[in-house]
Amino acid sequence: MTQYQKLQKIIKNAYAPYSKFKVAAILETDAGDFLGVNVENASFSLTICAERSAITNAITHGAKDFKKLYLLTSSTKQTITPCGACRQVMAEFANANMPIYVYNNAGKSKKYTLKQLLPCTFKTWS
């Protein structure tokens with residue numbers, strides 16, 4: 001099963017009753033793959049993004065080396081990149097060249113590196 005197919009399965013678990021915008025993430029690490037989905041809250045600032053959900057899952061399980069991130073959104077029109085907060089959290093744990101693959105629900109994809117998405121991070125790249 002491809003990462004895209006896995007994303008299609010887990011996006012159904014996203015909790016997005018307010019925006020109706022579902023997101024799923026898979027983070028490949030030295031300790032295996034870690035999953036995440038977005039979990040909204042009526043107080044919208046308390047929403048947890050899929051990327052940060054996958055990252056905290058990985059950290060909780062002792063992952064140290066983040067290799068790739070795959071992201072699927074429920075958008076059928078365009079591919080969506082991670083938000084600024086998720087980019088900064090990724091920069092805390094991943095290297096600048098970590099590949100990030102973004103997919104829309106129609107199967108279109110794009111590849112970026114973390115440095116492309118966050119050229120000026122709030123830390124020095126290791």
Side-chain angles (χ1 to χ4, degrees):
M1 181 179 293
T2 67
Q3 295 293 46
Y4 177 70
Q5 290 168 324
K6 290 176 189 175
L7 287 166
Q8 287 179 305
K9 283 182 79 171
I10 66 170
I11 199 168
K12 296 171 186 162
N13 296 334
Y15 179 74
Y18 306 104
S19 72
K20 310 291 188 234
F21 188 76
K22 294 185 173 193
V23 184
I26 298 173
L27 179 63
E28 287 184 4
T29 77
D30 59 322
D33 290 355
F34 294 91
L35 313 178
V37 295
N38 61 321
V39 180
E40 291 183 349
N41 188 282
S43 177
F44 225 55
S45 65
L46 299 178
T47 293
I48 301 167
C49 296
E51 302 92 309
R52 285 183 277 154
S53 177
I55 289 167
T56 57
N57 188 8
I59 296 297
T60 299
H61 287 90
K64 302 282 187 230
D65 183 18
F66 292 5
K67 299 182 183 300
K68 297 176 188 172
L69 179 79
Y70 298 86
L71 189 66
L72 171 66
T73 67
S74 58
S75 172
T76 56
K77 297 183 181 180
Q78 60 186 353
T79 56
I80 309 291
T81 59
C83 74
C86 287
R87 293 175 194 199
Q88 182 58 49
V89 170
M90 283 186 256
E92 185 71 24
F93 301 105
N95 76 50
N97 295 313
M98 182 181 79
I100 298 167
Y101 299 88
V102 294
Y103 297 89
N104 70 10
N105 212 26
K108 183 178 177 187
S109 67
K110 288 186 181 177
K111 177 186 174 190
Y112 301 92
T113 64
L114 181 52
K115 181 126 181 132
Q116 285 176 304
L117 295 178
L118 187 65
C120 300
T121 179
F122 188 71
K123 76 172 227 166
T124 305
W125 290 110
S126 333

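What you are looking at is a predicted structure, and each value in this text was computed from that prediction instead of being measured. The basis for the numbers below is simple: all heavy atoms, side chains too, and nothing from hydrogens, waters or symmetry mates.
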Heavy atoms of F21 and I80 approach each other most closely as CZ-CG1, 3.9 Å
In this structure, CD of E28 is separated from CG of D65 (nearest 0.5 Å) by 11.0 Å
On a heavy-atom basis, the closest approach of A94 and M98 is CB-SD, 3.6 Å
Begin with the C-alpha distance, continue with both residues' side-chain angles, and end with the deciding distance and a verdict on side-chain contact (heavy atoms from CB on, under 4.5 Å) for V37 and I11. CA-CA 6 Å; V37 295; I11 199 168; 5.8 Å; no
When every non-hydrogen atom of S53 is compared with those of G36, the smallest separation belongs to OG-CA, 3.6 Å
Answer yes or no: is there a side-chain heavy-atom contact under 4.5 Å between I55 and E92?
-> no
Looking only at heavy atoms, the pair that brings I100 and M90 closest together is CD1-SD, 3.8 Å
Nearest heavy-atom contact between N104 and K77 is ND2-C, 3.8 Å
Result for ring-ring contact (aromatic ring centres under 6.0 Å, His included) between Y4 and one of Y101, Y103, Y70 points to Y103
| If only atom types and distance count, is the side chain of S74 paired as donor or acceptor with the main-chain N or O of K22 below 3.5 Å? | yes
Output for pair (K67 NZ, N97 CG), nearest 0.5 Å, gives 13.5 Å
Query raised in the report: Among the clusters formed by ILVMFWY side chains lying less than 4.5 Å apart, do I10 and F34 turn up in the same one?
Result: no
Do L27 and V89 belong to the same hydrophobic cluster, where Ile, Leu, Val, Met, Phe, Trp and Tyr are linked whenever their side-chain heavy atoms lie under 4.5 Å apart, directly or via other members? yes
Exactly one of N13, V23, T73 clears side chain to side chain contact (heavy atoms under 4.5 Å, CB included) with N38, and that residue is V23
Kindly indicate whether the side chain of L7, heavy atoms from C-beta on, has any atom under 4.5 Å from the side chain of I26.
yes
Separation between OG1 (T56) and NE2 (H61), nearest 0.5 Å, reads 10.5 Å
Here the gap from E51 atom CD to L71 atom CG, rounded to the nearest 0.5 Å, amounts to 4.5 Å
Rounding to 0.5 Å, atoms SG (C86) and CG (L117) come to a distance of 11.5 Å
Donor-acceptor contact below 3.5 Å, side chain Q88 vs main chain F122: yes
The reported gap from CG in L118 to OG1 in T113 (rounded to nearest 0.5 angstrom) is 10.0 Å
For D30 and K64 the tightest heavy-atom approach is OD1-N, 3.0 Å
Item to complete: Go through K68 and Q3 one step at a time and tell me if the side-chain contact (heavy atoms from CB on, under 4.5 Å) criterion holds.
Response: CA-CA 11 Å; K68 297 176 188 172; Q3 295 293 46; over 6 Å; no
#### Entry: Student check: side-chain heavy atoms of F66 and I59 closer than 4.5 Å
yes
